Amino acid sequence: MAKSTSAIAHRPTFWQKLTSLPIRHLQQAIGSLGDLWRTPFTTIMTVVVLGISLTLPATLHVFVKNAQAVSHQWHSASQITLYLKLSTSEKAAQALVQRVSLYPEVDDVIYISPKQALAEFSQSSGFGGALGYLDNNPLPATLLVTPTQRHSQSTAAKELLAKLKNEREVDVGQLDLEWLTRLEAIANLIEDIVMSVALLLCTSVVLIIGNTIRLQILNQRQTIAVMKLVGATDSFIQRPFLYAGMWYGIFGGLLATVLIWLLVGYLSSAITKLTEVYQQRFDFQALAGGEVLTLLLFAVTLGLLGSYISVRKHIKAIEPSAE
C-alpha cells in the first residue's frame, strides 16, 4: 500500500508535463542539429541544393518586382500629343488649351505654336537652311497633354485620348502605348513563369528533403526498433526527423537569401549603367525584410512537409523484431 502511495506521489502532474514539453522539444531540436553536424557532407550537399532551388524563383520574383516598378514609373510619365489642324488660329488654339486644362483627367498642358515647332525641328534635324526656303510653315500647332497620376495607366490614357480627339481643333492624337502594352505582357508572362518554376522547384525541394530524411531513418532503423520495443511512441521518434527538416529549411533559406543578395549586387551596377544611357535613375531593389522572412518561413514549411511525409511513411513501417 505504501509502495502504491509512493508511485502516485511521484506521478507528474498535468502542469509538470506541460512545462516539461518545451524542454523536451528543445532537447530534440538541438539533438537533431547535432545529427546534421555529424554528417557534414550530406548536410552541406542537401542545403546547397535547397538554397539553389529556392534562389531561382526568388530571383525571378525580384526581377518581376523591379520590372513592375519601372513600368509604374513609365506609366506615370505617359504623355498625349495632339496635332491641331493647320487651319486652327492662334486664338482657337489658346481656347483649346484652356478647355483641355479644365479636364479632370489632365494634370498639365503645354502649347507649342507652329513657329516654335519649326524652330525646334530646324535645330534637331539639321535642315535649317533648307527650311528657310519654304513659303509656308508646314508644321501644325501641338499640345502636349500630361494625364493625372490616376489617369496615366494605359486603359485610362486611351479613354482620355479618345475624348481629346473629339475636340474640333484636333487633327491627330497620338499616345504610343504599343511598347507599354508589350512590356506589360512580358511582365505578366514572367510572373506566370515564376509561379510555374516555383511550383516545380518547391516540389523538388519537398522530394529532396523527404529522400534525405528517409535515408536517415533507414540508417537508424535498429535504434528506432529498440526505441519502439521499450515503449517510445511514434510521435516521440518522429520529432528529431521533423526538426531535421526544419533545420534544412532554415539553412537552405539563409543560403538562398545570401545568393540573391550577391546576384543583385553583381547585376545592379550593370543595370545602373543601362538606365543612365536612357537618362533615367533607377535603384535596383533586393529582397525587403518582410520578403526575407517570408522566404525563410516558406523554406521551413517545405522542410517540415518533406520530413513529415517521409517519417509518416517509414517510421510506421519499422517494427521490433519478434526474435
Side-chain angles (χ1 to χ4, degrees), residues 25-26 28-30 32-37 39-73 186-214 216 239-272 282-311:
H25 276 272
L26 180 61
Q28 289 182 310
I30 297 174
S32 64
L33 185 60
D35 293 336
L36 298 183
W37 180 262
T39 56
F41 180 78
T42 302
T43 301
I44 292 174
M45 292 298 294
T46 303
V47 169
V48 169
V49 171
L50 297 182
I52 295 175
S53 299
L54 293 171
T55 298
L56 181 56
T59 304
L60 290 175
H61 164 73
V62 170
F63 277 100
V64 170
K65 180 178 71 171
N66 284 273
Q68 290 175 344
V70 173
S71 175
H72 179 72
Q73 291 179 2
I186 292 173
N188 292 334
L189 176 61
I190 294 176
E191 192 172 354
D192 292 339
I193 292 174
V194 169
M195 296 300 296
S196 302
V197 172
L199 180 61
L200 293 175
L201 291 178
C202 290
T203 303
S204 68
V205 167
V206 172
L207 294 176
I208 290 169
I209 293 179
N211 185 64
T212 303
I213 299 298
R214 181 184 69 84
Q216 292 180 1
R239 284 176 201 158
F241 298 105
L242 293 174
Y243 280 118
M246 180 194 72
W247 290 119
Y248 280 131
I250 291 175
F251 294 141
L254 291 174
L255 178 60
T257 302
V258 173
L259 291 176
I260 293 169
W261 280 341
L262 292 175
L263 286 173
V264 170
Y266 176 74
L267 294 174
S268 59
S269 60
I271 294 174
T272 301
F282 177 71
D283 295 324
F284 196 77
Q285 300 177 3
L287 290 176
E291 292 173 325
V292 172
L293 182 60
T294 301
L295 176 61
L296 291 176
L297 291 176
F298 187 66
V300 170
T301 302
L302 293 177
L304 289 174
L305 179 61
S307 59
Y308 178 79
I309 294 173
S310 186
V311 298

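The structure presented is a predicted model; accordingly, all values stated were derived computationally and were not measured.
Tested against Val197 for a side chain to side chain contact (heavy atoms under 4.5 Å, CB included), the candidates Leu199, Leu200, Leu201 yield a single pass: Leu201.
Tyr243 OH to Ile30 CD1: the interatomic distance, rounded to the nearest 0.5 Å, is 10.5 Å. Between Ile209 atom CD1 and Arg214 atom CZ the span is 14.5 Å, to the nearest 0.5 Å. Interatomic distance, CG of Leu255 versus CD1 of Ile250, reported as 13.5 Å (0.5 Å rounding).
Closest of all the heavy-atom pairs between Ala256 and Leu295 is CB-CD2, 4.2 Å. What you find for Cys202 and Leu302 is that their closest heavy atoms are SG-CD1, 3.8 Å.
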Identify all side-chain donor-acceptor contacts of residues 45-59 below 3.5 Å with residues at least two apart in sequence or on another chain.
unit_1: Thr46; atom_1: OG1; unit_2: Thr42; atom_2: O; d: 2.8
unit_1: Ser53; atom_1: OG; unit_2: Val49; atom_2: O; d: 2.8
unit_1: Thr55; atom_1: OG1; unit_2: Gly51; atom_2: O; d: 2.6
unit_1: Thr59; atom_1: OG1; unit_2: Thr55; atom_2: O; d: 2.7

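Every residue two or more places apart in sequence or in another chain that forms a side chain to side chain contact (heavy atoms under 4.5 Å, CB included) with Leu293 is listed here: Leu297. Every side chain to side chain contact (heavy atoms under 4.5 Å, CB included) that Val292 has, sequence neighbours left out, goes to Thr257, Trp261, Leu287, Leu296. Considering only residues two or more places apart in sequence or on other chains, Leu207 meets the side chain to side chain contact (heavy atoms under 4.5 Å, CB included) condition with Thr203.
With a 6.0 Å radius and a threshold of 12 heavy atoms from other residues, nucleotides or ligands, Phe251 has its CZ atom above the threshold.
Between Tyr248 and Ile208 the shortest side-chain heavy-atom distance does not fall below 4.5 Å.
Residues in residues 293-307 take part in no side-chain hydrogen bond (donor to acceptor under 3.5 Å, both in side chains) pair, two or more places apart or across chains. The salt bridge (charged side-chain N to carboxylate O under 4.0 Å, His left out) analysis of residues 285-309, with sequence neighbours excluded, yields the pairs Lys65-Glu291. Residue pairs meeting the salt bridge (charged side-chain N to carboxylate O under 4.0 Å, His left out) criterion with at least one partner in residues 297-308, sequence neighbours excluded, do not occur; the list is empty.
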